[in-house]
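Keep in mind the model is a prediction, meaning the values are calculated, not measured. Start at 1 and go down the list; that is how both ligands and their atoms are numbered. What you see below is based on every heavy atom in this structure, not just the backbone, and it leaves out hydrogens, waters and symmetry mates.
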Amino acid sequence: MTERLEGCIALVTGASRGIGAAVAVELGRLGAQVVLTARTQGGLEETDDAVRAAGGQASLLPLDLREADQIDAIGPTLFQRFGRLDVLVHNAAVLGKLTPASHIMNDDWTNVVGVNLTASLRLIRTCEPLLRRAPAGRAVFVTDAVARQPHAYWGAIGATKAAMEHLVLSWAQELETTPVRVNLFDPGRVRTRMRSAAFPGEDPATVPTPDTVAPALALLCLPAEGRNGALVKV
Ligand code: NAP
């Protein structure tokens, strides 16, 4: 029988669409109460409907991951509301403009670094105390192959994903002797808004849908997951 997440609280960033929405549905299906975050209220409501349709329960926490105070408040808010956090999935990211490194504009750099890297640190800081208190705290950070295989014009997202991976793997080592398990997940090509923006000429019908990768990510959230500091690729 598949292990389940009944009684667990799972926070999913970037849950308004794409991979984050599919992961939220999968975690809800496994019995978790899913806390959905992103900026777009309408998208969060659609994901909420989808989680409920799958038999799960969700709560909405609209926020902008570039706003430091909003992220710092997540841990205290979850503690006040639920008294616990069992699963953190940091999936939200931005592509930024694909452009030569010498052409990257300051605003775009600040945006990409803010969402893809600085928010990761702030999520680690605000969530660690609750994850440590959980019987089987789990954290999964979604990454991209470009972190390890640099491509022309992909410098901003590639640099931030590489730095995020380094930070997360360092954190995993720090938690090695605790029950918390921290891993990276690389979904490969997935049919989302980000994918269309990166590859506008690609036929979306040839790209796997988010629901096909969500179960593999959800496995990393289960109490039985023993890996720590792993990079799991689809
Ligand atoms: P997506 O459809 O563009 O979704 C991105 C999510 O991030 C949205 O829910 C968006 O919500 C949220 N987000 C962006 N900026 C935010 C901000 N400032 N504050 C809060 N939330 C913000 O992208 P996706 O393809 O599902 O990507 C999900 C993850 O998979 C990313 O980490 C990406 O790097 C990774 N990935 C994707 C692919 C692929 O082929 N799709 C391949 C490799 C890795 P709002 O706009 O509503 O705020």
Seminar exercise, completed: Atoms of ligand 1 under 4.0 Å from any heavy atom of Arg195, numbered from 1 in the order shown, are 40 (O), 41 (N)
Problem set entry | Parallel, tilted or perpendicular: rings of Phe141 and His90 (30°, 60°) | perpendicular
Problem set entry | Option nearest atom 40 (O) of ligand 1 (shortest heavy-atom distance, choices Thr13, Val190, Ile71) | Val190
Problem set entry | Non-hydrogen side-chain atoms of Leu85 and Leu131 separated by less than 4.5 Å | yes
For this session: Would you mind listing which atoms of ligand 1 come within a distance below 4.0 Å of any non-hydrogen atom of Thr40?
Result: 45 (P), 46 (O), 47 (O)
Problem set entry | Ligand-residue contact atoms, ligand 1 with Ala93, heavy atoms, under 4.0 Å | 5 (C), 7 (O), 14 (C), 31 (C), 32 (O), 34 (O)
For this session: Can you figure out which of Asp144, Thr143, Val207, Leu65 has its heavy atom closest to atom 19 (N) of ligand 1?
Result: Leu65
Problem set entry | Identity and separation of the nearest protein heavy atom to atom 23 (O) of ligand 1 | Met194 CB, 3.4 Å
Seminar exercise, completed: Any heavy atom of Arg189 under 4.0 Å from ligand 1? The part involved is backbone
Exercise. Are side-chain heavy atoms of Val34 and Ser59 found at a separation under 4.5 Å?
Worked result: no
Exercise. Do Arg84 and Gln33 have side-chain heavy atoms sitting under 4.5 Å apart?
Worked result: no
Problem set entry | Shortest non-hydrogen contact from Ala10 toward Leu27 | CB-CD1, 4.0 Å
For this session: Please write down residue, atom name and distance for the protein heavy atom closest to atom 24 (P) of ligand 1.
Result: Thr192 OG1, 3.6 Å
Exercise. More than 12 heavy atoms of other residues, nucleotides or ligands under 6.0 Å from OH of Tyr153: is that the case?
Worked result: no
For this session: Using a strict 4.0 Å threshold on nitrogen-to-oxygen distance, state whether Arg138 and Asp86 make a salt bridge.
Result: no
Problem set entry | Arg189/Glu202 ion pair, N-O < 4.0 Å | yes
Exercise. Any N or O on Asp186 sitting closer than 3.5 Å to an N or O of ligand 1?
Worked result: no
Seminar exercise, completed: Quick note on ligand 1: atoms under 4.0 Å from a heavy atom of Val115 include exactly 18 (N)
Problem set entry | Under 4.0 Å to a heavy atom of Val94 - the qualifying atoms of ligand 1, by number | 14 (C), 15 (N)
For this session: Identify, for atom 2 (O) of ligand 1, the protein heavy atom at the shortest distance, and state residue, atom and that distance.
Result: Arg17 NE, 3.3 Å
Exercise. Which atoms of ligand 1 are found less than 4.0 Å from any heavy atom of Ser16?
Worked result: 8 (C), 9 (O), 10 (C), 11 (O), 45 (P), 47 (O)
For this session: Would you check the N or O atoms of Gly14, main chain and side chain alike, for any that come under 3.5 Å of an N or O of ligand 1?
Result: yes
For this session: Please write down residue, atom name and distance for the protein heavy atom closest to atom 38 (C) of ligand 1.
Result: Gly188 O, 3.6 Å
Problem set entry | For Leu63, the ligand 1 atoms whose distance to one of its heavy atoms is below 4.0 Å | 19 (N), 20 (C)
Exercise. Near Asp203 CG, under 6.0 Å, is it more than 12 heavy atoms from other residues, nucleotides or ligands?
Worked result: yes
Problem set entry | Closest protein heavy atom (residue, atom, distance) for atom 16 (C) of ligand 1 | Arg39 NE, 3.6 Å
Seminar exercise, completed: heavy-atom search around atom 31 (C) of ligand 1 in the protein gives Asn91 O, 3.1 Å
Exercise. Below 4.0 Å from any atom of ligand 1, is there a heavy atom belonging to Pro187?
Worked result: yes
Exercise. Does Ala197 reach ligand 1, in the sense of a heavy atom lying below 4.0 Å from it?
Worked result: no
For this session: Name the closest protein heavy atom to atom 13 (N) of ligand 1, giving the residue it belongs to and the distance to 0.1 Å.
Result: Ala92 CB, 4.0 Å
Exercise. So, Asp64 and Gln70: side-chain donor and acceptor under 3.5 Å apart, yes or no?
Worked result: no
Exercise. Applying a 4.0 Å heavy-atom criterion (strictly less than), which segment of Lys161 is in contact with ligand 1: side chain, backbone, both, or neither?
Worked result: side chain
Problem set entry | 4.5 Å side-chain heavy-atom contact, Ile74 and Leu11 | yes
Seminar exercise, completed: atom 26 (O) of ligand 1 sits nearest the protein heavy atom Ile19 N, 3.0 Å
Problem set entry | Distance filter under 4.0 Å to Asp64 heavy atoms, resulting ligand 1 atoms | 17 (C), 18 (N), 19 (N)
Seminar exercise, completed: Per side-chain hydrogen bond (donor to acceptor under 3.5 Å, both in side chains), Asn116 is matched among Thr160, Thr143, Asn111, Asp144 by Thr160
Exercise. Taking Arg17 for the side chain and Glu46 for the main chain, is one N or O donor matched with an acceptor at less than 3.5 Å?
Worked result: no
Exercise. Thinking salt bridges, do Lys161 and Glu165 make one under a 4.0 Å N-O criterion?
Worked result: no
